[in-house]
Structures are given as C-alpha cells and as structure tokens.
There are 2 protein chains.
Amino acid sequence: MIMSQRPPLTRERIIESALHLIDGQGLGRLTMRRLGDALEVEAMAIYHHLPHGKEQLLEQLIAYVAAHPVPPGAGDVRDRLRTWAGGYRDRLLQHIGVMPLIVTRRNPGALMATTQSVQDLLRTAGRTEAEAAIGAHTLLGYLLGTVALDAREQAAETAPDVDRDGRFQAGLDGILATIA
Amino acid sequence: MIMSQRPPLTRERIIESALHLIDGQGLGRLTMRRLGDALEVEAMAIYHHLPHGKEQLLEQLIAYVAAHPVPPGAGDVRDRLRTWAGGYRDRLLQHIGVMPLIVTRRNPGALMATTQSVQDLLRTAGRTEAEAAIGAHTLLGYLLGTVALDAREQAAETAPDVDRDGRFQAGLDGILATIA
DNA sequence: ACCTGAACACCGTTCAAGT
DNA sequence: ACCTGAACACCGTTCAAGT
C-alpha cells in the first residue's frame, strides 16, 4: 500500500514556508509551532535543520529578502541604478513583513553586499572612494526609508490616491543626479 | 510611622520606564512583567492605565519618539531643515530600540505630523504642492533609512573608523540641494 | 539521521477579589 | 478608583526517547 509521502524537511522549505506565513499573516504570527503545522511536522523537528532556533530562522529571512546586489552589466550608470532600485523596492514591498527585522540589529552584514555593489558601481563611474561610499549610503537609506514610509501610508489609507511609485521615481531621480 | 510612599502610577511614568528599559536592554526584553517590576507594581496594574495593554503601550512609544516636527521660525530654509534633521537623527539613534516599531504597521499616523511640517516649510519656501510632497517624503525617507543603516553598521563594528555624522551631513546636503 | 512527546520557564491577558 | 493573585492559553526551547 502506497503511503502519501511528505517532501523531506529542508532548510529551504522551512524558510519559504516562514516567508509565506509572514507575507500572509504578518511577522507576529510566525511561531515555531505554527511553522511546524504549515510544514506538517512537529515544531521541534525544525531545530534539527536550524540548531539555533528562531533567531537563526530570522537571520535567514533577512538574508533572503535584503540580499539584492546590482547585477553586472554595461550601459548608463543612472539607468542601471534606476532599474535596480525599482526591483529592490518591489521585493521589499512584497515582503514588507520582514522590514522590522531588516531594521533590527540582527544579521548586521545582510545589507553589506548590496550596499557594496552600489558603491563599486559608483567607483566604476569615476567617483572617488569617499563619494561612492556616501552615494551608496544615501541611495540605500532613501530606498529603505521610503519603503517603510510607503508601507505605513498604505496601511493607513488616509489619502488613497497618492502615486507612490511616481513619487519614489521623482525622489530617486533627484538623488541619482547628485550621486551618479 | 512614615511608610516609603511610591509615586502614583501614571501613563507618563509607564512610558518613560518602558523607554528606559528598551534603551538599556532592547525591545525584546520589554515585557509587561518586567515593566511592572521596574515600576514596583504587579504587571496587571498597568492595564488600569493602558486598557489595551501592550499594543497601546507600543503605540505610545512610537508617538513619543517619532513625533518631532520642524519648529516654527525664520531664516534660510536649508539651514532650518539641516538643524532639524540633525536633531531628529540624534533622537532616533538615542532610542534606536524603537526603530522596528516605527517601521511597523502600528500607529501609522505617528510620522504624519512630522512629515507634514517639512512639507509645509517647503511650500513656504515657494515649492509647489507636488514638489513639497516629494521633497518631504525624500528627506524623511533618507533620514529614517540612514538611521537604520547606521545603527546596523555600529552594531557590526567591522570598520570602526567611519565618520557616520559627516556622511549623513554630506548626503543630506545633496538632498537639500535638490528639494529646497 | 531525523523526528516526536513531555516538560520547563516564560509570556500577554482575563477576571474575581481585595482595599 | 486602583491594585493584586490565581488562572488560562500560548510561546521558545531542552532533552530523552523512538524509528
């Protein structure tokens, strides 16, 4: 007799399931027990794949969402940064529930590769090391901060007819003009 | 015989005590029971002053830290915004433990008065309504985002000799040049 | 190696009771 | 009005045990 075989528990499946839970129900409803239910497993089974428990799970989630370096390529630097920034913003808005984690002290290196990739691109475009560092920091700060503001505004729904995408692009153009 | 009289429990004392606990030990260690201990009271007594419990307490903390409008005054608009931004940044860094709350969906109106005050100032300086809205959003986004990045960087301590204040000022000058 | 079941210390919150 | 004590449902995690 053939039994219904459950796919084996892996780190990837755990993280995907946790992200799905956060996107649907919010960070506050992510518990080890509920995550176990979603994976059709006892909560304690998760510890075999993530020995450091929930803290390690949250670190993995931050890394998954926040790691988004500028892809290699050619062309106008401002255009490349504009395209990349739009994609990163979409990703963060899609997984807005993890933003509080990204802003927390946990996994402090998670944004480093992303920031570094912007800095490298600015160096390539002829900026000094100091200018590139300031530019990357300015762009990343603007991106993270406006995503947080947009998410709050969206939740409030006070003025429903704000063109958030257009406003982001307008502010972005101003910043790109000064850093790139 | 004179008994040592404990000051009466008030909403203000509760919020101050909670902020002190977060600044010292982090958001994760703020529990109703520990807060009660700090106030020399049973945890359940807090509910008499904050009937909606911990959720209401967190909302109050967000309002306390995030409300920081540009003060009325005269003078060069860029100078006024530069001074205000530095003060707001210091305040956020001082209470960095509440940043995850500010970024969360809770109390979505908390940043509105602050953002509105920047928008009003830009209008006064002769910008159109749309320009003022974009400018205020850009400045607030930059400020919140870089505070989050700076806090993570500070926690990581990988490159200890970064001039974070100077970097913030440099990025700020670029933004002020385009919005004000 | 991989997962389970029972147990522990802790949490937010309710509710009846004290003063 | 203001605070307490006991209780409830839930949480992360440990550890010995099962297969």
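Per chain, numbering begins at 1; letters A, B, ... match sequence-line order.
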Taken to the nearest whole Å, CG/A:L30 to C1'/D:dG12 is 12 Å
Integer-rounded Å distance: D:dT4 P and B:D37 CG: 11 Å
Which nucleotide in D:dG12, D:dT4, C:dT13 has an atom nearest any side-chain atom of B:R33: C:dT13
Opposite nucleotide pairing with C:dA1, Watson-Crick or G-U, both atom distances under 3.5 Å: D:dT19
What is the distance, rounded to the nearest whole Å, between atom CZ of B:R29 and atom C1' of C:dC11? 13 Å
Output the rounded distance in Å from NE2 (A:H48) to C1' (D:dG18). 13 Å
Counting only Watson-Crick or G-U wobble pairs whose two distances fall under 3.5 Å, which nucleotide matches C:dC8? D:dG12
One thing to verify: whether A:D37 and A:R34 come together as a salt bridge, which I'm taking to mean a side-chain N less than 4.0 angstrom from a carboxylate O. no
All heavy atoms of A:R167 vs all of A:Y142, minimum pair found to be O-OH, 3.9 Å
Winner on side-chain proximity to B:H49, out of D:dC3, D:dG5, C:dT4, is D:dC3
So which one's nearest nucleotide on DNA chain D is more toward 5', A:R34 or A:P51? A:R34
Is A:R78 salt-bridged to A:D173, going by a charged N under 4.0 Å from an acidic O? no
Is there a side-chain hydrogen bond (donor to acceptor under 3.5 Å, both in side chains) between B:D120 and B:Q116? Walk through the geometry before answering. CA-CA 6 Å; B:D120 292 347; B:Q116 190 64 51; 3.1 Å; yes
Whole-Å distance, B:E40 CD to D:dC3 P, equals 13 Å
Of the nucleotides D:dG5, C:dG12, D:dC3, which has the atom closest to the B:Y47 side chain? C:dG12
Candidate nucleotides C:dG12, D:dG5, D:dT14, ranked by approach to the side chain of A:M44 - the nearest: D:dT14
Which of D:dC2, D:dA7, C:dC3 is nearest the side chain of A:V41? It is C:dC3
Rounded distance in Å - CD (B:E55) to P (C:dT14): 13 Å
The reported gap from CZ in B:R105 to CD in A:Q154 (rounded to nearest 0.5 angstrom) is 7.5 Å
Whole Å only: how far is the CG atom of B:L39 from the C1' atom of D:dT4? 15 Å
Calculate the interatomic distance between B:E42 atom CD and D:dT4 atom C1'; express it in whole Å. 6 Å
